[in-house]
Amino acid sequence: MAVLLLAEIVGGEISIDQTGKALSAVKKLGDVTLLCASNDCSSAATAASKLEGIKNILCADSSLLQNGLAEPTADLIVSLAADYDHIAAPATSNAKNILPRVAALLDAMVITDVTGIIDAETFERPIYAGNAIQTVKSSDAKKVISIRTAGFDAALETGSATVETISATENPNLSEWVEDKVQTSDRPELTSAEIVVSGGRGVGSEESFAIIETLADKLNAAVGASRAAVDSGYAPNDWQVGQTGKVVAPSLYIACGISGAIQHLAGMKDSKIIVAINKDEEAPIFQVADYGLVADLFDAVPELSDAL
Ligand SMILES: Cc1cc2nc3c(=O)[nH]c(=O)nc-3n(C[C@H](O)[C@H](O)[C@H](O)COP(=O)(O)OP(=O)(O)OC[C@H]3O[C@@H](n4cnc5c(N)ncnc54)[C@H](O)[C@@H]3O)c2cc1C
């Protein structure tokens, strides 16, 4: 079996974390070829060559593939597909844009958010906001899968795969990259952070969210939020954790003023240690918390920051 794995590259830089964890998941399927497709991605390919478990790397460095533009990237993958049984990518926003196009062109279905690989055609994925695990057996000739990376270990960086340069396919002239509007932050990226401090509706306002951010900065943590906090305008929507937000599994997740609705739990319940601060002792978050503090977050969070 041969696997074509699409590397996660943003702004010419590879996410070793996302790519390496997806690699850990798919390498049991067979030989893995890593595809680096973007503009200015040769340094990304060099960085990826250290990932243990890659057979070889294909590097398509082309302005046509600027910032992972979905249509030409999908065309490129389809042009390579004959040599592979599985086409995979980490389940990122990029992959959500690219893989459905690949699958449609190959007349296959996408098996999304795979959390377990049983064999070459059988995969596990969460459904019902993570309350059940579905086992999917696919009879498609080529399996197109996205990997939910949170549950997989990162690949070691002891490899030395060879990098082969390839060309992009012709411009399908369907789309053009104009600009990316990305919020920059010095904090760790939410989905790969070791520690996440999240605030919910209980935080009460955008201004009050500063206490969550202060605690996060003390811990070198990423900041997360519940959907209620995002919908209320207290936090930007790329901080949202949950079923319709990001899925995180840090070593430590601190939930402040979050009730623990199942849609929120779907995004964080695999965290190794969960700490909840809530003034309602009946809040459902305490059922999943390893440590629970029944307290007013406006007292407890600044006190914790000061102590740190
Ligand atoms: C299809 C669908 C998808 C969804 N996707 C998501 C998702 O991705 N992520 C998500 O988070 N939600 C999601 N939701 C919404 C979810 O159902 C909840 O409404 C939401 O998670 C509630 O957010 P919250 O816990 O911040 O707010 P609330 O449920 O209002 O809880 C606020 C908590 O703060 C506590 N509190 C208040 N003041 C203080 C204080 N001073 N000190 C300490 N504690 C205090 C309260 O006791 C309460 O427990 C989704 C819902 C649907 C239907």
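Both ligands and their constituent atoms are indexed starting at 1 by order of listing. Side-chain atoms are counted along with the backbone in the values below, which use heavy atoms only and exclude waters and symmetry mates.
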Under 4.5 Å between any side-chain heavy atoms of Leu76 and Leu35, yes or no? yes

Could you check whether the rings of His86 and Phe123 sit parallel, tilted or perpendicular, using 30° and 60° as the cut-offs? perpendicular

Does atom CD of Glu13 have more than 12 heavy-atom neighbours, drawn from other residues, nucleotides or ligands, at distances under 6.0 Å? no

Nearest heavy atoms of Cys41 and Asp61, plus distance in Å: N-OD2, 3.3 Å

Indicate yes or no: does Glu52 engage Lys27 in a salt bridge with an N to O separation below 4.0 Å. no

At a 4.0 angstrom heavy-atom cut-off, ligand 1 is contacted by Gly200, Arg201, Gly202, Ser226, Arg227, Ala228, Gln240, Val241, Gly242, Gln243, Thr244, Gly245, Gly257, Ile258, Ser259, Ala261, Gln263, His264, Asn278, Lys279, Asp280, Ala295, Asp296, Leu297, Phe298

Ignoring hydrogens, what is the shortest heavy-atom contact between Pro188 and Ala221? Give both atom names and the distance. CD-O, 3.6 Å

